[in-house]
Amino acid sequence: MNTAYDDAHGTDSRNLDINDPLRARVAQAVAQVRATTPLAQSLTNFVTINLVANAQLAVGGTAAMHYSGEEAAALDHGASKATYINMGTLLEPFRTEYPAAARDAAEHGLPWVLDPVGAGAGELRGDILRAFAATPPTIIRCNASEAIALAGIWHLDGADARARAGVEASDEVDEAIDAAHALARFTGGIVSVSGAVDLVTDGERDFRLPGGSVWMTKITGAGCSLGGVTATYACVADPLTAAMAAALHYNRAADSAERESNGPGSFQVAFLDALWNTTADEIAQSPIYVS
Ligand SMILES: Nc1ncnc2c1ncn2[C@@H]1O[C@H](COP(=O)(O)OP(=O)(O)O)[C@@H](O)[C@H]1O
Ligand SMILES: Cc1ncsc1CCOP(=O)(O)O
Ligand SMILES: [Mg+2]
């Protein structure tokens with residue numbers, strides 16, 4: 001039977017059974033992050049670095065930020081259980097440091113999360129993204145335009161090679177579906193595309209996650225911090241569960257923050273509080289449309 005969601009989106013989808021094991025894994029991941037305070041190290045942009053760290057703390061994890069392949073290697077030998085690499089603001093030394101950090105995560109068998117902010121803009125960004133193809137990310141967390149651009153940069157089948165510049169999405173999530181599938185098949189990992197309705201895919205199954213708040217587009221770093229929190233969840237869960245837990249946690253916290261706030265400033269504060277206060281059951285029982 002079609003749902004109201006199908007009627008609105010024209011997809012053949014159903015709400016994931018309330019007893020599906022994926023929901024239990026999401027609840028378990030939320031509880032485990034809160035119980036164990038895992039560290040995901042981040043190499044992330046200068047604009048939103050503070051929100052990334054605060055969001056990782058607010059979901060129960062902890063944070064360490066730096067820009068060095070050498071430091072990444074040291075942390076991979078120590079406390080860090082996942083790496084987050086965000087392409088927002090780049091400097092020339094990152095040409096070698098970022099691929100070194102990705103390589104080190106891969107060599108240690110640790111998950112790493114890529115946010116290809118601004119993919120399609122500039123030679124340095126393109127060069128670094130091309131280098132990542134050798135040790136692909138476990139999870140790609142991006143908006144629709146970045147998914148389309150990254151599939152083009154990696155010359156994946158069916159990719160649309162139009163270059164898009166800028167950090168905001170100029171495409172709808174459903175326009176990125178072919179790119180998201182191509183990226184997931186290429187990496188063998190998970191692709192999480194954010195927007196009004198988020199998409200999480202392993203290249204075979206698509207999970208659509210409605211909700212959240214349009215206020216998320218009026219604070220800088222909503223997407224970047226979602227990438228950081230995805231890495232926090234990747235410390236304790238398999239990549240699909242981690243991507244789902246992070247996106248669902250964000251949607252439920254944003255629903256709640258919107259009710260508490262009256263502008264972007266109070267929204268950001270309320271959102272961090274809501275990340276802390278939203279329960280594992282509220283997150284795991286979210287609507288999840290599968291196709
Ligand atoms: N129109 C919207 N309505 C509700 N939530 C949204 C909307 N746009 C983005 N979000 C949410 O904001 C967060 C960041 O996504 P997005 O703004 O797409 O990332 P980016 O900042 O990288 O472009 C995600 O949790 C996403 O679900
Ligand atoms: C504004 C800006 N400029 C370079 S990185 C950045 C932050 C982008 O953050 P987000 O994609 O999470 O909105
Ligand atoms: Mg972004």
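Start at 1 and go down the list; that is how both ligands and their atoms are numbered.
Counting only distance, with no hydrogens or angles, the side chain of Trp154 and the backbone of Leu129 share a donor-acceptor pair below 3.5 Å. Although no hydrogens or angles enter the test, the distance criterion places a donor-acceptor pair under 3.5 Å between the side chain of Glu146 and the main chain of Gly118. Of the possible donor and acceptor atoms, one in the side chain of His249 sits under 3.5 Å from a partner among the backbone N and O of Leu275. Under a 3.5 Å cut-off, the side chain of Ser80 and the backbone N or O of Asp76 do not form any donor-acceptor pair.
Within the 4.0 Å heavy-atom criterion, neither part of Ser225 lies near ligand 2. Counting heavy atoms closer than 4.0 Å to ligand 1, residue Leu209 contributes nothing at all. Residue Arg141 touches ligand 1 through its side chain alone, judged by heavy-atom distances below 4.0 Å. For Ser213, every heavy-atom contact with ligand 1 shorter than 4.0 Å involves the backbone, none the side chain.
Checked against a 3.5 angstrom limit, the closest N/O atoms of Gly223 and ligand 2 fall inside it. Geometrically, ligand 1 and Asn143 share a nitrogen or oxygen pair separated by less than 3.5 Å. At a 3.5 angstrom cut-off on N or O pairs, Met216 does not count as close to ligand 1. On a distance-only criterion, Tyr250 and ligand 1 share no N/O pair closer than 3.5 Å. The shortest N or O to N or O distance between Asp115 and ligand 1 is not under 3.5 Å.
For ligand 1, the atoms closer than 4.0 angstrom to any heavy atom of Ala196 are 1 (N), 2 (C), 3 (N), 7 (C), 8 (N). Taking every heavy atom of Val214 and a limit of under 4.0 angstrom, the matching atoms of ligand 1 come to 1 (N), 3 (N), 4 (C). Residue Thr217 has at least one heavy-atom neighbour below 4.0 Å for each of these atoms of ligand 1: 8 (N), 9 (C). Annotation for ligand 1: atoms under 4.0 Å from non-hydrogen atoms of Asp198 are 26 (C), 27 (O). Those atoms of ligand 1 with a heavy atom of Asn251 less than 4.0 angstrom away are 27 (O). Per-residue contacts place Thr48 under 4.0 angstrom from the following atoms of ligand 2 (heavy atoms of the residue considered): 7 (C), 9 (O). The ligand atoms of ligand 2 that sit less than 4.0 angstrom from a heavy atom of Gly88 are 4 (C), 5 (S).
Scanning for salt bridge (charged side-chain N to carboxylate O under 4.0 Å, His left out) contacts around Arg130 gives Asp127, with sequence neighbours left out.
Using a 4.5 Å cut-off between side-chain heavy atoms of Ile, Leu, Val, Met, Phe, Trp and Tyr, Val47 forms no hydrophobic cluster with any other residue.
Comparing Thr217, Leu90, Val52, Val47 by heavy-atom distance to atom 3 (N) of ligand 2, the nearest is Val47. Heavy-atom proximity to atom 7 (C) of ligand 1, evaluated over Ala222, Gly195, Ala247, Gly212, is greatest for Gly195. Looking at Thr220, Thr44, Asn143, Asn86, it is Thr220 that brings a heavy atom closest to atom 7 (C) of ligand 2. Taking each of Gly221, Cys224, Ser194, Gly118 in turn, the one with a heavy atom nearest to atom 13 (O) of ligand 2 proves to be Gly221. Between the choices Ser194, Pro210, Gly211, Gly118, the shortest heavy-atom distance to atom 15 (O) of ligand 1 belongs to Ser194.
When side chains are defined from C-beta on, Asp206 counts as touching Leu199, because their heavy atoms get closer than 4.5 Å.
Not a single heavy atom of Cys142 lies less than 4.0 angstrom from ligand 1.
When only modelled atom types and interatomic distance are considered, Asp198 and Ser194 share no side-chain donor-acceptor pair under 3.5 Å. At a cut-off of 3.5 Å, with distance as the only test, a side-chain donor of Ser286 or Arg252 sits close to an acceptor on the other residue. The closest side-chain donor-acceptor pair between Asn50 and Asn54 falls under 3.5 angstrom. The closest side-chain donor-acceptor pair between Tyr84 and Thr232, if any, does not fall under 3.5 angstrom.
Shortest non-hydrogen contact noted between Ala73 and Asp104 is CA-OD2, 3.2 Å.
Salt-bridge formation is detected for the pair Arg25/Asp238: a Lys NZ or Arg NE/NH1/NH2 atom is positioned less than 4.0 Å from an Asp or Glu carboxylate oxygen.
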